[in-house]
Each structure stands twice: as structure tokens, then as C-alpha cells.
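Okay, structure first, notes after.
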Amino acid sequence: MRIGILTSGGDCPGLNAVIRGAVLNGIKSHDFSFVGFRDGWRGVKEGDIFELPRHQVRGIAKQGGTILGTSRTNPFDGENGGPERIQATLDRLGVDAVIAIGGEGTLAGAKRLTDAGLKIVGVPKTIDNDLDATDYTFGFDTANQIAVEAIDRLRTTGESHHRCMVAEVMGRDVGWIALHAGMASGAHAILIPEVPTSMEQIFGWVREAHDRGRAPLVVVSEGFVPEGADAAFSSRGVDSFGRPRLGGIGEVLAPLIEENTGIETRATVLGHIQRGGVPTAFDRVLATRLGMAAVESVAARQWGTMVSLHGTQIHRVPLRAALDNLKRVPAERYAEARILFG
Ligand code: F6P
């Protein structure tokens with residue numbers, strides 16, 4: 001079998017480890033051959049591919065980004081999009097099956113295409129850790145580690161100046177990165193999309209920490225919605241799937257905190273730093289195992305499924321299981337962290 005691999009949506013540390021795991025297992029266990037699609041669904045629609053022999057994946061498990069390139073191209077848009085045209089392109093290229101590595105948008109597209117008869121299996125990825133039906137997505141551990149290292153640095157400068165520091169992390173509509181990075185770095189307040197919080201409460205936590213002689217640290221998720229606001233802060237339009245581009249809430253909160261508490265406050269948006277660089281060992285192992293398992297899904301012709309982590313085991317679940325629900329931070333996890341605020 002000749003298998004095409006694509007990486008789509010925001011990049012994520014560990015993508016290359018998935019590609020390597022898939023190619024090595026496919027060649028060694030099944031005698032499959034592989035091609036890579038350049039830049040996600042764009043490469044599929046335009047038939048833009050390159051061969052992926054074994055030497056192409058040599059040593060890439062530790063590399064950040066993706067050797068295939070990625071994009072947020074929608075597979076249903078444009079004159080080359082849609083199931084019939086994509087199938088025709090795959091037939092022309094002699095590609096028998098596709099491994100799609102992506103987040104919610106990518107897997108939703110893959111599901112629609114498999115419903116129309118295309119031979120696709122999925123591998124979940126996202127630093128946001130928001131995909132249901134898998135305990136963790138690779139990339140999350142790395143993003144979290146990067147956020148903690150950055151926040152530790154913000155703390156030392158904050159303490160020197162007796163300032164309140166606001167660190168904004170990614171995560172889209174869920175607060176996993178904020179919760180974990182905030183807990184790991186000892187934040188005095190963690191603000192997540194799942195829990196609307198009043199400005200008075202935030203000022204209260206900041207004052208409490210300051211009154212104890214601490215430099216208050218607020219970790220806010222980009223999708224946080226302050227109590228009374230209609231939606232998360234977004235000033236950069238929407239992406240190709242129509243979702244608002246988030247980011248900037250930290251800069252909104254900082255002047256309000258300063259004005260209301262009298263404590264000098266600075267905001268830092270960690271942004272795409274969280275997606276860059278080498279994956280952690282945990283993410284490399286998880287990504288490698290998922291790539292290997294995706295090839296087994298192809299060999300078993302389990303189209304419309306994705307591989308996922310349950311405890312320590314890799315399982316296979318229908319794509320729709322990942323799409324039915326966003327995996328949000330449960331109330332009890334936030335309540336546990338909240339005990340430590342202020
Ligand atoms: O989904 C991953 C993610 O990094 C989100 O946390 C963030 O909101 C978004 O992608 C940023 O997208 P882009 O790279 O297109 O700016």
C-alpha cells in the first residue's frame with residue numbers, strides 16, 4: 001500500500017515523531033511506502049507530494065514543527081476541494097490511504113471525507129489538549145513545559161519590581177495549558193474559559209498576594225471570558241474554519257488590575273513560543289506510538305477512526321468520538337486549583 005501523510009492546522013511539537021513512527025512501522029512491519037502532502041489539505045487538493053523513504057525520517061523525532069509543512073486549508077473549499085475531486089487526485093497519485101494528523105478542524109474534515117467513502121485514518125494533535133476521546137494529545141506537555149519556563153522567568157522580574165505579572169497562554173476554548181502551567185508555576189490566579197470570573201474577584205486575589213509581600217502572578221488563558229462579557233477577546237478576525245482568532249486578553253486585564261489595585265502590572269503574551277522547538281520526551285514517545293498505531297489502523301482498513309491514548313494504552317476510536325465534545329477542564333479540577341489562589 002502507498003500511504004499519504006498530512007499535517008494540518010496549527011503545528012505542534014511531536015508531529016515529526018508521528019511521521020517517523022508511521023513510516024518506520026509501515027516499512028518494517030508491512031512493506032508499505034509513503035508520501036508526504038505539503039502543507040496539509042492544500043497539498044492533498046493540489047496533489048503536491050514528495051516521497052517519504054526511510055532516510056527522510058532519520059532523526060526527526062526530536063525536531064519541532066513538521067517536515068511536511070501545515071496550513072489551515074479547508075478540504076471542502078475551492079475548485080479542487082470536496083470528496084470526489086480529492087479522490088480523483090489520490091487515484092492519479094496512486095495513494096491508497098491517508099493518515100491525517102490534526103486537531104478538531106482537521107479531524108472533522110477527515111470525518112466528512114470518510115463518510116463520503118475516502119480511506120482516511122486520524123491522529124489527534126493539539127497543544128490545547130481539547131480533543132475528547134484521548135486522555136492527552138501530544139504537544140500539550142511541551143507547550144506546558146515552555147509556558148512554565150517562561151512564567152518562572154516572569155516571576156523573578158516581577159518580584160524584583162514588586163509588580164503584578166499577567167501571563168497569557170494559548171488553549172483556545174479550553175483552559176488546560178493555563179491550569180497546568182499556572183499550578184506548576186504557583187500562580188495566584190488562573191483564569192480559564194470554562195469559569196467566568198468577576199474582575200472584583202481577580203482584583204481580590206491580586207491584592208491578597210500583594211499584601212503578603214508577593215509579586216502577584218495571574219495566568220490567563222486566551223479564551224477567558226470575564227464575567228458579564230459575551231465572548232472571548234478577539235480582534236484579529238476569524239480563521240478558515242470561521243473560528244475567532246483569540247489572543248490579547250492579558251493586555252486588556254493588565255491596565256484594569258493596575259487601575260483598580262494600584263499595583264504596577266505588566267502583561268506578556270506567550271503566543272507561538274508555546275508551539276515551537278523540540279518536543280518533550282513524553283510527547284516524543286506518545287507521538288511515536290500514535291504514528292505506529294495509525295499504520296496498524298490502515299493495515300486493518302479501519303477508515304474513519306483515530307488513534308488515542310487511554311491511560312497508558314493506545315486505542316482506536318471512531319473519529320466522531322473526538323468531535324462530539326470539547327474536552328473542557330472539569331469544575332472539580334478548577335476548584336482544586338482555586339484553593340491555592342490569592
Ligand atoms: O490550536 C492551537 C492554537 O495554538 C491555539 O491555542 C491558538 O488559539 C491557535 O492555534 C493560534 O492559531 P494560529 O497559529 O493560526 O495563529
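Remember, it's 1-based here, ligands and their atoms both numbered in the order they're listed.
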- Distance only, no hydrogens: is a donor on one side chain within 3.5 Å (strictly under) of an acceptor on the other, for S185 and D152? no

- Task: Give me the one residue out of I19, L6, I60 that meets side chain to side chain contact (heavy atoms under 4.5 Å, CB included) with T66.
- Result: I19

- Message: When you compare the side chains of D141 and Q145, does any donor N or O come within less than 3.5 Å of an acceptor on the partner?
- Response: no

- Query: Do F140 and K125 have side chains that get closer than 4.5 Å, going by heavy atoms?
  - Reply: no

- Task: Using distance alone, decide if ligand 1 has a nitrogen or oxygen within less than 3.5 Å of any nitrogen or oxygen in G171.
- Result: yes

- Note on the structure: Short version for R245: what comes under 4.0 Å of ligand 1, heavy atoms counted, is neither

- Are R112 and F76 in a cation-pi contact, defined as NZ or CZ under 6.0 Å from the six-membered ring centre and within 45° of the axis? yes

- Message: Please list the nearest protein heavy atom to atom 1 (O) of ligand 1 with its residue and the distance rounded to 0.1 Å.
- Response: D128 OD2, 2.7 Å

- Give the residue, atom name and distance (to 0.1 Å) of the protein heavy atom nearest atom 8 (O) of ligand 1. E222 OE2, 2.5 Å

- Identity and distance of the protein heavy atom lying nearest atom 16 (O) of ligand 1: H272 NE2, 3.1 Å

- Proximity to ligand 1 by part of I127, non-hydrogen separation under 4.0 Å: side chain

- Note on the structure: shortest atom 15 (O) of ligand 1-to-protein heavy-atom contact is with R72 NE, 2.9 Å

- Item | Near-ring test F50/F34, centroid separation under 6.0 angstrom | no

- Message: I need the nearest protein heavy-atom contact for atom 4 (O) of ligand 1: residue, atom name and distance, please.
- Response: R275 NH1, 2.8 Å

